[in-house]
Amino acid sequence: MTSRLYIEDLSNHIGEQVTLAGWLYNKRSSGKIRFLILRDGTGLVQGVLVKNNLAEEIFNKFDELTQESSFRMTGTVRKEERAPGGYEMDVQNVEIISIAKEYPISPKDHGVDFLMDRRHLWLRSSRQHAIMRVRHEIIRSIREFFDTRGFTLMDAPIFTPAACEGTSTLFETEYFDLGKAYLTQSGQLYGEAGAMAFGKTYVFGPTFRAEKSKTRRHLTEFWMVEPEVAFNDLNDNMDLAEALLQHIVANVLKNRMPELTSLERNTAFLENVAKPLPRITYDEAVAILHKKGLPFEWGNDLGGTDETVISEEFDRPVMVHRYPSAIKAFYMKRDPENEKLALAVDVLAPEGYGEIIGGSQREDDYDLLLGRIKEHDLPQEAFDWYLDLRRYGSVPHSGFGLGVERTVSWICGLDHVRETIPFPRMIYRLTP
RNA sequence: UCCGCGGUAGCUCAAUGGUAGAGCACGUGACUGUUAAUCACGGGGUUGUAGGUUCGAGCCCUACCCGCGGAGCCA
């Protein structure tokens, strides 16, 4: 393949004649001068067609081109202060590749449902483009963070024989002659096996929840990264979560500022992530709620509104740790200083974005873990392999899960997670 | 599952119970610097579905369908 020129590289080709290939984003005309706006996936550039400088046949290709038609445009690159990207092309030739039928997404207002039905086309728009690029930067940063710190990627299976935590509603399917299988809701238990084998591991993959959650924070299929580290206690775990968030946000600010700007994201809260993240206990969180006059009862889990109220007290993500063990998963270790508490931590994003990280120190004692499994009425044989991790050289260990879509939503300042993933899956949406 | 809001042109939305409209998109024309270009003209409707009230229903009533937001659950 010959090296192809993209719009993002135009700054190195000022004064040269080049050919770009892409799609028609929009066009404008003013009689004897016409403008074609080409989109090639890396940016937009305006081509200028002047009637007196062009063969009539080329000038008239303007009339044939419809929105999103594919074509090649050859011309001379010129710096142009008035152009949004800073560059413009004086067009010498236009080669039509395919004329698009009437494009359903016009440059004006559309409702979300209409756009979601055409998600495969909506992804071409500049706003979705910006979000996807930030998502990519976040995922790239996550991998970079762990890969440069000696973590081994150890992905967990999607098909699982039983509920990981026994609480959520799972998607169920027939699995040959072996009965029912379930789509995973978390790779964590497998991650723990990985940590006992490799010391530091992370699981990174899709997870599935069949609950009929109907809010701006929920998808039925979402991506989660779950590091797990042998010998880490809760404090180590919080240090790791803090460093990961700081790495992600710093990279997005460094590499995706144009995208954040086009999303009109106020980056003040993001800049604050570089500072140490506040850590408060569940008790202190409850005190904040009471101070604000909310009728919150100790022992309950924090609801969406509670999380928002707590996060409003801080100008960056806040870590809430040591929750009542009764409301947390069976595998979380109890606080040796207070048996009513679990060594759990949630990270709440600011501005009401809610929980983006949930994690804990794991129970490493065989007898206590077995007792929890029984207390939660979980099928013991399904967890036999998991108990092996406590039979053979058990050590303290910790980990957490970071929800990718909620993180993207927060960093981009979106009002719904459905725009953070290319093809969202929600209770009422399975297509496209 | 519960609570609230909504469904009118391809899209976004108007319309005291009294002739269904605008902007955008599309088509035709004008314009040599447009930035969601502008201007003129034009085609475009089973008002979510089924009933009911009324001289007359997009509007009022009943049921249902679909969507959105929130609660619960969670990342």
Side-chain angles (χ1 to χ4, degrees), chain A residues 25-37 44-54 59 62-63 66-68 78 80-85 88 90 100-118 122 125-127 164-165 167-170 184-188 206-226 241 300-308 327-329 346-349 352-359 400-410 415-418 420-421 426-429:
Chain A
Y25 189 74
N26 200 0
K27 66 177 185 180
R28 283 182 287 275
S29 158
S30 182
K32 298 195 175 82
I33 183 166
R34 294 172 167 180
F35 305 92
L36 292 173
I37 300 174
L44 298 173
V45 70
Q46 177 164 270
V48 184
L49 288 74
V50 178
K51 184 168 183 145
N52 293 343
N53 300 346
L54 281 177
F59 189 71
F62 178 94
D63 295 325
T66 54
Q67 189 185 358
E68 288 301 319
R78 180 165 45 73
E80 172 59 67
E81 295 297 330
R82 288 171 288 184
E88 220 170 57
D90 290 318
K101 302 247 188 300
E102 190 177 330
Y103 194 65
I105 303 177
S106 60
K108 269 236 176 169
D109 302 333
H110 296 286
V112 172
D113 200 49
F114 174 84
L115 292 166
M116 271 300 170
D117 282 340
R118 293 152 187 81
W122 191 18
S125 76
S126 56
R127 175 182 164 83
C164 287
E165 307 186 10
T167 50
S168 301
T169 315
L170 303 186
T184 184
Q185 61 164 322
S186 164
Q188 183 211 307
T207 47
F208 308 87
R209 304 278 165 92
E211 272 130 8
K212 294 199 169 180
S213 298
K214 208 169 142 44
T215 81
R216 67 184 63 200
R217 302 184 306 280
H218 287 88
L219 299 170
T220 57
E221 176 183 320
F222 64 97
W223 286 69
M224 189 154 66
V225 60
E226 301 177 277
N300 289 343
D301 205 355
L302 302 174
T305 314
D306 306 319
E307 290 180 352
T308 302
I327 55 168
K328 286 294 182 182
D346 283 357
V347 179
L348 308 180
Y353 280 94
E355 182 182 350
I356 52 173
I357 284 180
F400 61 85
L402 169 83
V404 169
E405 286 73 20
R406 285 189 184 174
T407 303
V408 177
S409 187
W410 161 55
D415 60 13
H416 202 301
V417 289
R418 66 190 156 200
T420 65
I421 186 167
M426 295 173 287
I427 43 175
Y428 294 124
R429 180 168 295 281

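Any value given below was found using the heavy atoms of this structure, including those in side chains, with hydrogens, waters and symmetry copies removed.
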* Structure fact -> Taken in chain and number order and not counting sequence neighbours, the residues that satisfy salt bridge (Lys or Arg N to Asp or Glu O under 4.0 Å) with A:E226 are none

* Structure fact -> A:R28 meets the salt bridge (Lys or Arg N to Asp or Glu O under 4.0 Å) criterion, sequence neighbours left out, with none

* Structure fact -> Taking pairs as Watson-Crick (N1-N3 plus N6-O4 or O6-N4) or G-U wobble (N1-O2 and O6-N3), each distance under 3.5 Å, the stems of three or more consecutive pairs with RNA chain B are B:1-7 with B:65-71, B:10-13 with B:21-24, B:26-30 with B:38-42, B:48-52 with B:60-64

Quick test: give all pairs of protein nitrogen or oxygen and nucleotides 67-72 of chain B nitrogen or oxygen below 3.5 Å, distance rounded to 0.1 Å.
unit_1, atom_1, unit_2, atom_2, d
B:G69, OP1, A:H416, NE2, 3.0
B:G69, OP1, A:R418, NH1, 2.9
B:G69, OP1, A:R418, NH2, 3.2
B:G69, O3', A:R216, NH2, 3.3
B:G70, OP1, A:R216, NE, 2.1
B:G70, OP1, A:R216, NH2, 3.1
B:G70, OP2, A:R216, N, 2.8
B:G70, N7, A:K214, O, 3.3
B:G72, O6, A:K214, N, 3.2
B:G72, N1, A:K212, O, 3.3

Under the side chain to side chain contact (heavy atoms under 4.5 Å, CB included) test, residues paired with [X] that sit two or more places apart:
X      : result
A:S29  : A:R34, A:F62
A:K32  : A:K51
A:E80  : A:R78, A:R82, A:A83, A:E88
A:K328 : A:Y323, A:M332, A:A342, A:A344, A:D346

* State which residues pass side chain to side chain donor-acceptor pair (under 3.5 Å) with A:R127; sequence neighbours excluded, sorted by chain then number. =>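 Scan of A:R127 (side chain to side chain donor-acceptor pair (under 3.5 Å), adjacent residues dropped) gives A:E419.
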
* With sequence neighbours excluded, what pairs up with A:H218 under the ring-ring contact (aromatic ring centres under 6.0 Å, His included) test? -> none

* **A:F35 over B:G33, stacked by centroid distance under 5.5 Å, angle under 30°** => no

* Asked: Under 4.0 angstrom, heavy atoms only, what part of the nucleic acid is A:R78 near: base, sugar-phosphate, or nothing?
  -> base

* Sugar-phosphate, base or nothing in reach of A:E226, heavy atoms under 4.0 Å -> nothing

Measuring only the [atom1] atom in each nucleotide, how far is [N] from [M]? A whole number of Å is fine.
N     : M     : atom1 : answer
B:C5  : B:A30 : C1'   : 46 Å
B:A9  : B:C24 : C1'   : 12 Å
B:G18 : B:C59 : C1'   : 12 Å
B:G17 : B:G58 : C1'   : 11 Å
B:A57 : B:A15 : C1'   : 13 Å

* Determine whether A:R209 and A:F222 make a side-chain contact, defined as any pair of heavy atoms from C-beta on separated by less than 4.5 Å. =>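 Yes. Closest side-chain heavy atoms under 4.5 Å.
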
* Asked: side-chain contact (heavy atoms from CB on, under 4.5 Å) between A:L49 and A:L36: does it pass, once the steps are laid out?
  -> CA-CA 8 Å; A:L49 288 74; A:L36 292 173; 3.7 Å; yes

List, with names and distances, any nitrogen or oxygen atoms from the protein found under 3.5 Å away from nitrogen or oxygen atoms belonging to nucleotides 27-31 of chain B.
unit_1, atom_1, unit_2, atom_2, d
B:C31, N3, A:G31, N, 3.2
B:C31, N4, A:S29, OG, 3.3

* Could you write nucleotides 21-26 of chain B as a row of B, S and -, 5' to 3', where a protein heavy atom under 4.0 Å of any base atom gives B, of only sugar-phosphate atoms gives S, and otherwise -? -> --SSSS

* Considering only side-chain heavy atoms of A:F114, which listed nucleotide, B:A75, B:U12, B:U34, is closest? -> B:U12

